[in-house]
2 protein chains.
Amino acid sequence: MVFGKKVKTLRKSRDMTLKELSILSNVSSSMLSQIEREEKNPTIQVACQIAEALNTTLSYLLDEQEDKDIILLKKAQRPIYVDEKSGFQRHLLSPSLSSQGIEFILNIIPPFSESGVFPAHKVGVKENIYISKGRLDVELGGGSFSVELVEGDSFYFAADTEHRFINLSNEECHYFLVIDSTHYRGGSSTLPKDNK
Amino acid sequence: MVFGKKVKTLRKSRDMTLKELSILSNVSSSMLSQIEREEKNPTIQVACQIAEALNTTLSYLLDEQEDKDIILLKKAQRPIYVDEKSGFQRHLLSPSLSSQGIEFILNIIPPFSESGVFPAHKVGVKENIYISKGRLDVELGGGSFSVELVEGDSFYFAADTEHRFINLSNEECHYFLVIDSTHYRGGSSTLPKDNK
DNA sequence: TAGAATATTTCACTATAGTGAATTTAAATC
DNA sequence: GATTTAAATTCACTATAGTGAAATATTCTA
């Protein structure tokens with residue numbers, strides 16, 4: 001954890017002095033000095049005050065990812081997964097960076113076919129879809145909810161529930177999918193429901 | 001900050017006892033008890049130990065967003081911004097949730113036209129694009145880098161630099177854009193470069 | 001380079017985070 | 001419902017986070 005260093009960097013980048021930050025954050029400048037040099041270990045409370053004064057969040061200050069600059073993915077190179085049975089295709093459009101919580105995917109469903117049931121994601125995971133061609137039925141929670149989408153529509157949902165995509169029409173359906181897992185971190189994968 | 005409550009919820013959801021968590025995290029169970037009831041205020045160090053023991057991150061435990069479930073956006077309703085001069089269009093495909101750091105957009109550039117120069121985003125902001133129709137030249141950093149993309153290509157880049165999209169062909173260019181701002185929080189908007 | 005002005009670090013002190021053992025509460029077993 | 005067992009809380013104590021003022025280092029100006 002390089003919390004202190006990050007604070008110092010940010011503070012410097014704002015051209016702030018310890019005293020200024022002290023006033024904004026309501027943390028003594030001596031404390032700030034010690035924190036920046038990792039001599040003392042702030043409570044999350046004061047860490048939070050500091051984050052706010054720097055106009056940021058503690059989450060950010062604690063996040064250690066630092067990543068790549070640019071990645072070009074030519075059509076021919078992109079990973080494609082095809083379900084032999086249904087003909088359902090998944091084209092990965094975003095690089096798969098471990099540190100990244102976003103996936104950008106183009107999905108194609110043949111006429112009168114479907115994606116199969118996707119199990120619930122972890123809590124906090126969101127999906128955003130856009131229909132670029134054809135029609136699509138989205139079913140959530142094992143059928144407890146469903147919408148019919150047509151070309152040009154988009155749909156956003158919390159993906160911590162079963163979901164399924166169905167193409168009831170006689171033409172291919174193309175839709176883009178953005179999966180946002182950036183807010184997931186906790187949550188238990190496959191919890192035993194009740195084992196008393 | 002409801003840190004303690006979150007810890008307790010997570011611990012319970014894993015069917016763990018204070019003692020178990022204590023062993024894993026190397027934090028005394030009395031301390032844990034007090035933290036969960038907000039009687040004491042952990043340092044980020046022990047908060048971190050707890051997060052790890054719960055197989056999560058401190059960022060997550062401190063994140064307070066809790067949001068919507070589903071949002072349907074019909075084609076006719078979606079917000080579209082058109083630049084009268086160039087004819088450049090931006091179609092917003094994702095809901096604009098303040099808490100959300102993702103934007104999903106469909107952009108359309110007329111033949112022989114361009115987007116204009118987008119100023120650098122804050123550090124940490126990423127863009128991911130996919131060309132669904134036509135050709136597109138992407139220029140980064142005021143011309144210091146450029147690529148030519150064709151239908152089917154996708155491109156990922158750190159958007160903390162000037163960027164510009166150009167359509168040099170005689171047909172419309174359609175491209176999808178995913179802007180990920182989830183990892184930005186700090187950073188100064190328009191820093192005075194050098195004011196000694 | 002000397003001297004004023006400001007930013008940072010040090011130090012002695014106070015408040016509170018963090019601990020281990022004892023106590024209480026809750027839950028299971030007979 | 002009494003007894004045992006385990007989980008959660010309380011308590012007295014120790015370690016350390018956090019403070020204000022003094023000392024030091026740094027930057028600026030003449």
Side-chain angles (χ1 to χ4, degrees), chain A residues 1-62 186 188 191-196, chain B residues 1-62 186 188 191-196:
Chain A
M1 174 166 308
V2 284
F3 179 80
K5 212 149 87 192
K6 254 188 180 168
V7 169
K8 182 162 192 175
T9 307
L10 254 186
R11 176 173 66 82
K12 287 295 188 186
S13 86
R14 310 268 161 99
D15 255 312
M16 292 176 79
T17 125
L18 285 176
K19 195 191 262 175
E20 288 172 314
L21 182 55
S22 165
I23 291 165
L24 284 177
S25 63
N26 215 33
V27 175
S28 69
S29 46
S30 54
M31 189 60 196
L32 291 174
S33 166
Q34 296 171 100
I35 289 171
E36 286 187 350
R37 283 169 301 130
E38 314 271 328
E39 286 189 0
K40 287 209 174 152
N41 185 3
T43 59
I44 56 176
Q45 192 178 104
V46 321
C48 227
Q49 291 168 231
I50 294 170
E52 267 183 49
L54 287 170
N55 198 33
T56 182
T57 67
L58 194 40
S59 307
Y60 169 75
L61 289 177
L62 294 168
S188 46
L191 242 191
K193 294 235 160 161
D194 223 338
N195 59 345
K196 331 194 137 183
Chain B
M1 175 168 305
V2 283
F3 179 81
K5 212 150 88 190
K6 255 188 179 168
V7 169
K8 182 162 192 175
T9 307
L10 254 184
R11 176 172 67 83
K12 286 295 188 187
S13 85
R14 310 266 160 100
D15 255 313
M16 292 176 78
T17 127
L18 284 177
K19 194 192 261 173
E20 289 172 313
L21 182 55
S22 166
I23 292 164
L24 285 178
S25 64
N26 215 33
V27 175
S28 70
S29 47
S30 55
M31 189 61 195
L32 291 174
S33 166
Q34 295 171 102
I35 289 171
E36 286 187 350
R37 285 169 302 129
E38 314 271 328
E39 287 189 1
K40 287 210 175 152
N41 185 2
T43 59
I44 57 176
Q45 193 179 103
V46 322
C48 228
Q49 291 168 231
I50 295 170
E52 268 182 48
L54 287 170
N55 197 33
T56 182
T57 66
L58 193 41
S59 306
Y60 169 74
L61 289 177
L62 294 167
S188 47
L191 241 191
K193 294 238 160 158
D194 221 341
N195 59 345
K196 328 193 143 185

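Residue numbers start from 1 in every chain, and the chains themselves are labelled A, B, ... in the order their sequence lines are given, proteins ahead of strands.
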For Lys12(A), report the nucleic acid contact type (base, sugar-phosphate, nothing); a contact means any heavy atom under 4.0 Å. sugar-phosphate

Terminal helix-axis angle for the helix from dT1(C)-dA30(D) to dC30(C)-dG1(D), with five pairs defining each axis and rounding to 10 degrees: 40°

Close side-chain approach of Leu24(A) and Met16(A), heavy atoms under 4.5 Å: yes

Rounded to the nearest angstrom, tell me the gap between atom CD in Gln45(B) and atom P in dT16(D). 10 Å

Distance in Å, Leu10(A) CG paired with Lys12(A) NZ, rounded so as to fall on 0.5 Å steps: 12.5 Å

Under 3.5 Å, side chain of Glu38(B) to main-chain N/O of Gly4(B), donor-acceptor pair present? yes

Shortest non-hydrogen contact from Leu18(A) to Ser33(A)? CD1-CB, 3.9 Å

Rounded to whole Å, the CG-P distance (Leu18(B) to dT24(C)) equals 19 Å

Atom-to-atom span, CD1 of Ile44(B) to P of dA17(C) - whole angstrom: 14 Å

d(CG, Asn41(A); P, dA17(D)) in whole Å: 5 Å

Kindly write out the residues that satisfy side-chain contact (heavy atoms from CB on, under 4.5 Å) with Thr43(B), not counting sequence neighbours, or none if the list is empty. Asn41(A), Thr43(A), Gln45(B), Val46(B)

Rounded to whole Å, please give me the gap between CG in Leu21(B) and C1' in dA8(D). 13 Å

Provide a list of protein-nucleic acid N or O atom pairs under 3.5 angstrom, restricted to nucleotides 3-6 of chain D.
none

Interatomic distance, CD@Gln34(A) vs CD@Glu39(A), rounded to 0.5 Å, equals 6.0 Å

To the nearest 0.5 Å, how far apart are CD1 in Ile50(A) and CZ in Phe3(A)? 5.0 Å

Taking atom P of dT8(C) as reference, at what distance in whole Å does atom CD1 of Ile23(A) sit? 13 Å

Residue list, side chain to side chain donor-acceptor pair (under 3.5 Å) with Glu36(A), at least two apart or on another chain: Arg11(A)

Distance col, row Ile35(B):CD1 vs Lys8(B):NZ, nearest 0.5 angstrom, shows 13.0 Å

Pairs involving residues 18-28 of chain A, ordered by first then second residue, that meet side-chain hydrogen bond (donor to acceptor under 3.5 Å, both in side chains) (sequence neighbours left out): Ser28(A)-Ser30(A)

Taking atom P of dC11(D) as reference, at what distance in whole Å does atom CD of Glu39(B) sit? 10 Å

Picking from Leu58(A), Leu21(A), Val27(A), what satisfies side chain to side chain contact (heavy atoms under 4.5 Å, CB included) with Gln49(A)? Val27(A)

Starting at the 5' end of DNA chain D and moving along, which residue's nearest nucleotide shows up first, Thr43(B) or Thr17(B)? Thr17(B)

Tell me which residues in residues 27-37 of chain B put a heavy atom below 4.0 Å from DNA chain C, sorted by number, or none. Val27(B), Ser28(B), Ser30(B), Met31(B), Gln34(B)

Would you kindly give the CZ-to-C1' distance between Phe3(B) and dA17(C), to the nearest whole Å? 13 Å

Can you check whether Arg11(B) has a side-chain N or O nearer than 4.0 Å to OP1 or OP2 of dA7(D)? no

